[in-house]
Novice: 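After the structure tokens below, expect a handful of questions from me.
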Amino acid sequence: MLRPHVPVNPLPTGLVTPLAQPIPVPAADVEPAAPVPAPAPAAPARTSVQLTPGSALALAAGGGAVVLVVGAVLVSMLLAVAITGVSVALIAVVLRMVIRDMQKGR
């Protein structure tokens, strides 16, 4: 199931090189074929992103703002859960008192 597999890697021209090398055929048996089209032009090299001091500062400020917003959302969710827990605990205490008073006949 987890056996290594060596893929057949395509060349930059789009031609695929097989793993097994073909057997050469004598020139007398080969028929003339259509002319081979010119290879496709190579893709331009990727350019790297240049950060100026201003853009680096803006990127850092944006990242800080994202951290603050996410932190505020998480803290508010934690606060909502805590308030809900306290409310449920108070309701349970009040109901317990009411049920005890009903059982005593007051």
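Keep in mind that what you see is a predicted model, and the values were worked out from it rather than measured.
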Novice: Go through the structure and list residues passing side-chain hydrogen bond (donor to acceptor under 3.5 Å, both in side chains) with T52, not counting sequence neighbours.
Specialist: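 For T52 the side-chain hydrogen bond (donor to acceptor under 3.5 Å, both in side chains) partners, ignoring immediate neighbours, are S55.
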Novice: Under the side chain to side chain donor-acceptor pair (under 3.5 Å) definition, can you give me all pairs with a residue in residues 82-91, not counting sequence neighbours?
Specialist: none
Novice: Please determine whether residues V66 and L74 belong to a single hydrophobic cluster, defined as Ile, Leu, Val, Met, Phe, Trp and Tyr linked transitively by side-chain heavy-atom distances below 4.5 Å.
Specialist: yes
Novice: Enumerate the side chain to side chain donor-acceptor pair (under 3.5 Å) contacts for residues 57-70, please, sequence neighbours excluded, ordered by first and then second residue.
Specialist: none
Novice: Going from CD1 on I99 to CG on L95, what distance comes out if it is rounded to the nearest 0.5 angstrom?
Specialist: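 It is 6.0 Å, given to the nearest 0.5 Å.
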